[in-house]
J.: 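The following block contains the structure, expressed as structure tokens.
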2 protein chains.
Amino acid sequence: MEAQVPKRRPGRPRTRQQALELRAQDPIESLPPTARRLLDAARRILERDGIAALSLSAVAEEADESKASIGYHFGNKEGLIVALVDSLVHEANRGLVAQTHQYPLGDTRLRVLMEGEREIIEDTQGFIALLEIFPYAMRSESIRGRIADLYAGYRDTVLDVLDAGQGTPTRELASFALLTIAIVDGLSIQYALDPDRVDLEAATHLWQRMGRCVLSDLGMVDIG
Amino acid sequence: MEAQVPKRRPGRPRTRQQALELRAQDPIESLPPTARRLLDAARRILERDGIAALSLSAVAEEADESKASIGYHFGNKEGLIVALVDSLVHEANRGLVAQTHQYPLGDTRLRVLMEGEREIIEDTQGFIALLEIFPYAMRSESIRGRIADLYAGYRDTVLDVLDAGQGTPTRELASFALLTIAIVDGLSIQYALDPDRVDLEAATHLWQRMGRCVLSDLGMVDIG
DNA sequence: GTCTATATTGGGATAGAC
DNA sequence: GTCTATCCCAATATAGAC
């Protein structure tokens, strides 16, 4: 009896348009019900108890399914984690896009983006879950590629906010997107480790000031 | 036969002076030779093969010692990892302090700090090792506290560079230190995941520009 | 497709000789 | 202080019945 292998293996998207399309499809909606229950259970365990607690037995019990069904649907543990990453990545993308695209282009949306960062940092769950997977990601080409694509998507979203996404961004704008994402991650780490000694309010305020400073220099936006 | 428990348990340093003193002592120099070999072996395995490969058998083999000796010297695996974190933390601190303190105060040192960041990001080994431990850290109070102290030390070092360390920093300066460290970590993550799509050169250049912009605003430094 | 039962491995811990 | 040998357990994977 052959174990089923993960089906879709989409190539890394080459253009921003392709990346946007990739973000649109839900990787878990097409799964059989049992596989979906298993995946949901895995996500709950990862976020509640961490990667160390993510054993096949724990997943089976949490999902109220059998251990063997994991092997059937995902091949092995690696396959389960790949699917889990896909689901986390999709969710994370959906969240960011939803948060920014409900606002009009330009000044307001940028302010929303930067102020929204603080909420994202305080809601560390999703990010922490990805950090827990990081050790796996650095050893598995397919997992690392998926997370790398997630980050590329994040950067594209920031670019969309800044210039509505047309054309090739300047080197400065691309760098600004890189830094914006880096700030979110970096602050999340320090805040998760030690919330008492990390003043997110002041930090995001200063970061906004720095952004305003350089963006007006670049002639991009004036959010005063 | 009682297992030996880790000896030093220094309280969390309360002042910047205490933090500096803490950074001065080497936590592994006082260890017996066998314990030291075990710890060095653990560090090699962590950096080479990741946390998943850090089993007691692997450590014993790499160190050419017996598995039981780990239990004797460190109590259990958790104790070994705590000691490992101490050693990584000490090393990381030494690196940053050495890099900044060889330069004169003020403008030059700040530029060195910011340009040195790029090297730190490209040399991801130490940071990746800490990230691999992150899942443990979030579940173990003593490990998390040690890493939190490391970050507090980093931030203090940045403050030293900015104002030579006297007095209580303003909220803005404290935030700047926070952001500086966050940038290093955040860029490291994106660079580790996908070096081809991350232009460190341009990103650090833009970050320097943003720093210059806001610091001159604050009347702190002019590194033009 | 799903389950029970089991094979097999490898990990962490420790007793007891030296 | 250090080693050998062993114990116990948890985990993954899979065979085979239904």
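Note on naming: letters A, B, ... go to the chains in the order of the sequence lines (proteins, then strands), and numbering restarts at 1 for each one. These values consider heavy atoms only, across backbone and side chains, with no hydrogens, waters or symmetry-generated copies.
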J.: Atom pairs, N/O to N/O, protein against nucleotides 8-11 of chain C, distance under 3.5 Å?
T.:
unit_1	atom_1	unit_2	atom_2	d
C/dG11	OP1	B/Ser55	OG	3.4
C/dG11	OP2	B/Ser57	OG	3.4

J.: Please list, chain by chain and in numerical order, all residues satisfying side chain to side chain donor-acceptor pair (under 3.5 Å) with A/Ser140, sequence neighbours excluded.
T.: A/Glu78
J.: Identify the two heavy atoms, one from A/Gln190 and one from B/Ala182, that lie closest to each other, and give their separation to 0.1 Å.
T.: NE2-N, 3.4 Å
J.: State which residues pass side chain to side chain donor-acceptor pair (under 3.5 Å) with B/Asp199; sequence neighbours excluded, sorted by chain then number.
T.: A/Arg171
J.: So which pairs with a foot in residues 125-151 of chain B pass ring-ring contact (aromatic ring centres under 6.0 Å, His included), sequence neighbours left out?
T.: B/Tyr151-B/Tyr154
J.: B/Tyr72 OH to C/dG16 P: how many Å, rounded?
T.: 18 Å
J.: Starting at OH of B/Tyr136 and ending at C1' of C/dG12, how long is that distance when rounded to a whole Å?
T.: 11 Å
J.: Measure from the side chain of B/His73, starting at C-beta and using heavy atoms only, and say which of D/dT2, C/dT4, D/dC3 lies closest.
T.: D/dT2
J.: Any idea which of C/dC3, D/dC3, C/dT2 is nearest the A/Thr34 side chain?
T.: C/dT2
J.: Whole angstroms only, please: what is the CG-C1' distance between A/Asp64 and C/dT2?
T.: 13 Å
J.: Which pairs count as salt bridge (charged side-chain N to carboxylate O under 4.0 Å, His left out) when at least one residue sits in residues 29-41 of chain A, sequence neighbours excluded?
T.: A/Arg37-A/Glu65
J.: Provide, to the nearest angstrom, the distance between the CD1 atom belonging to B/Ile70 and the P atom belonging to D/dC3.
T.: 11 Å
J.: Between C1' on D/dG1 and CG on B/Leu38, what's the gap in Å once rounded to a whole number?
T.: 12 Å
J.: What is the distance, rounded to the nearest whole Å, between atom CD1 of A/Ile81 and atom P of D/dA13?
T.: 10 Å
J.: In whole angstroms, how far is the C1' atom of D/dA13 from the CZ atom of A/Phe74?
T.: 16 Å
J.: Show me the donor-acceptor pairs, under 3.5 Å and distance only, between side chains in residues 53-62 of chain B and residues at least two apart or in other chains.
T.:
unit_1	atom_1	unit_2	atom_2	d
B/Ser55	OG	B/Ala58	N	3.2
B/Glu62	OE1	B/Arg48	NH2	2.8
B/Glu62	OE2	B/Arg44	NE	2.7
B/Glu62	OE2	B/Arg44	NH2	3.4
B/Glu62	OE2	B/Arg48	NH2	3.1

